[in-house]
Amino acid sequence: MSVFAVGVYFVNSKSDAFTITKSSVSSMVTFNKPDLYQKDQSKVKSKMCLITFSENNSSTPTFKAKPLKNVTLQAETKDSVTYSSALTGPAPTVWFSALSKSLSIPNSNSTPLTPNPSLYTSASGLPFVQCYSKVNEGFLFPMIEGLLFFKPAIFIPRGDLVSIAVGRGGGGGQATQYVDIVLRVEGGGGGEETTV
């Protein structure tokens, strides 16, 4: 990964590459990698960064001739890096700060969005709940700015949510420990329903 004033360049060991420009980014969300056994979020060792792209934008990055919806990065707090004389320290702090500056994150204060444990904490004391989206087991982070689902990483901005319906799962009068959440998301041709 190479960070420039006008964007970010990624290349893998096989020389496959893509570029993220400022104009292609719709949001950037940083969060602790979910760990069900670590209630103290300051001790989580892996930090994640999800960068989402505007749909139907000519500057949307492509990888192997396919448009990308998002890119997820992971950095470890034990790794120390130096990006410039002004940016040195734990990898997540340095890299995510450099990305934020390079990509001019499009929100009110030009900083990445992040889940706020003081606004939402589960009964287990974590800033997320364990869930499934279709067949994918993952984690849902409720945020004021939208909903973040991790594994696979998806961020749905609050402005794109048309409705959220919540109900008990299961049928035939059977009790269940699960709750179904159906999201109606604004789309180009109407809406899309996603069950979480």
Side-chain angles (χ1 to χ4, degrees), residues 8 20 22 24-55 57 60 68-77 90-93 95-134 136-167 169 178-187 191-196:
V8 183
I20 300 174
K22 292 179 181 187
S24 66
V25 176
S26 62
S27 62
M28 180 173 164
V29 183
T30 59
F31 56 99
N32 291 337
K33 185 174 183 182
D35 183 343
L36 293 169
Y37 307 104
Q38 184 54 264
K39 295 209 188 304
D40 183 352
Q41 291 297 293
S42 67
K43 293 182 180 176
V44 174
K45 296 177 180 162
S46 296
K47 309 289 183 178
M48 308 299 295
C49 179
L50 171 65
I51 302 170
T52 63
F53 307 114
S54 307
E55 289 185 34
N57 183 335
T60 298
L68 295 172
K69 292 183 178 183
N70 61 53
V71 170
T72 307
L73 306 170
Q74 179 174 332
E76 304 298 319
T77 56
T93 304
W95 283 120
F96 300 165
S97 176
L99 286 169
S100 180
K101 289 176 184 171
S102 172
L103 299 174
S104 298
I105 303 310
N107 66 31
S108 60
N109 58 6
S110 295
T111 59
L113 305 172
T114 188
N116 185 343
S118 68
L119 296 175
Y120 174 79
T121 302
S122 71
S124 303
L126 299 167
F128 56 83
V129 290
Q130 200 170 4
C131 65
Y132 288 86
S133 177
K134 299 176 184 163
N136 299 308
E137 181 180 13
F139 304 91
L140 179 67
F141 292 81
M143 300 168 56
I144 289 176
E145 300 86 358
L147 296 173
L148 170 64
F149 182 77
F150 178 65
K151 276 207 168 170
I154 301 167
F155 179 68
I156 303 170
R158 182 175 169 178
D160 291 354
L161 289 168
V162 175
S163 67
I164 301 174
V166 180
Y178 300 102
V179 175
D180 288 336
I181 301 174
V182 179
L183 308 173
R184 184 155 170 82
V185 180
E186 185 64 41
E192 175 185 328
E193 291 194 358
T194 303
T195 302
V196 177

Grab the two heavy atoms, one from A153 and one from N70, that are nearest each other, plus how far apart they are. O-ND2, 3.0 Å
Might you work through the side-chain contact (heavy atoms from CB on, under 4.5 Å) test for L148 and L113, ending with a clear yes or no? CA-CA 10 Å; L148 170 64; L113 305 172; over 6 Å; no
Side chains of S26 and S54, donor plus acceptor under 3.5 Å: no
Might you point out which heavy atoms bring L36 and F139 nearest each other, and give the distance in Å? CD2-CE2, 3.9 Å
What is the distance from atom CG of L161 to atom CD of E186, rounded to the nearest 0.5 Å? 10.5 Å
Residue set satisfying ring-ring contact (aromatic ring centres under 6.0 Å, His included) with F53, at least two apart, ordered chain then number -> none
Counterpart residues, side-chain hydrogen bond (donor to acceptor under 3.5 Å, both in side chains), relative to Q38 (two or more places apart): none
At their closest point, which heavy atom of Q74 faces which heavy atom of S46, and how far apart are they? NE2-OG, 3.3 Å
Measure the spacing between CE of M48 and CZ of F96 and express it to the nearest 0.5 Å. 7.5 Å
For F128 and F141, take the angle between the two ring planes, folded into 0 to 90°, and tell me which bin it lands in: parallel under 30, tilted 30 to 60, perpendicular over 60. tilted
Using 0.5 Å steps for rounding, measure from the OG atom of S102 to the CD1 atom of I20. 9.0 Å
Rounded at 0.5 Å granularity, tell me how far CD1 in I154 sits from CG in L50. 9.5 Å
Are any non-hydrogen side-chain atoms of E137 and Q130 less than 4.5 angstrom apart? yes
Listed partners of S118 passing side-chain hydrogen bond (donor to acceptor under 3.5 Å, both in side chains), at least two apart: N116
Not counting sequence neighbours, which residues clear side-chain contact (heavy atoms from CB on, under 4.5 Å) with Q41? List them please. N32, V44, L126, P127
Can you tell me how far apart NZ (K33) and OG1 (T77) are? Round to the nearest 0.5 Å. 12.5 Å
Could you grab the distance from atom NZ of K45 to atom CG of D35, nearest 0.5 Å is fine? 9.5 Å
Please list, chain by chain and in numerical order, all residues satisfying ring-ring contact (aromatic ring centres under 6.0 Å, His included) with F150, sequence neighbours excluded. F31
Any idea which heavy atoms bring M28 and C49 closest together, and the distance? CE-SG, 3.3 Å
My understanding is that only residues two or more places apart in sequence, or in another chain, count here; which of them pass side-chain contact (heavy atoms from CB on, under 4.5 Å) with A91? A75, D79, V81, W95
Would you indicate whether the side-chain heavy atoms of I51 and V8 approach each other to under 4.5 Å? no
Counting N and O atoms only, with roles assigned by atom type, does the side chain of T30 sit under 3.5 Å from a partner on the main chain of T114, one being a donor and the other an acceptor? no
Other residues, nucleotides and ligands only: do more than 12 of their heavy atoms fall within 6.0 Å of NZ on K69? no
Minimum-distance pair of heavy atoms, taken over all atoms of I156 and L183: CD1-CD1, 3.7 Å
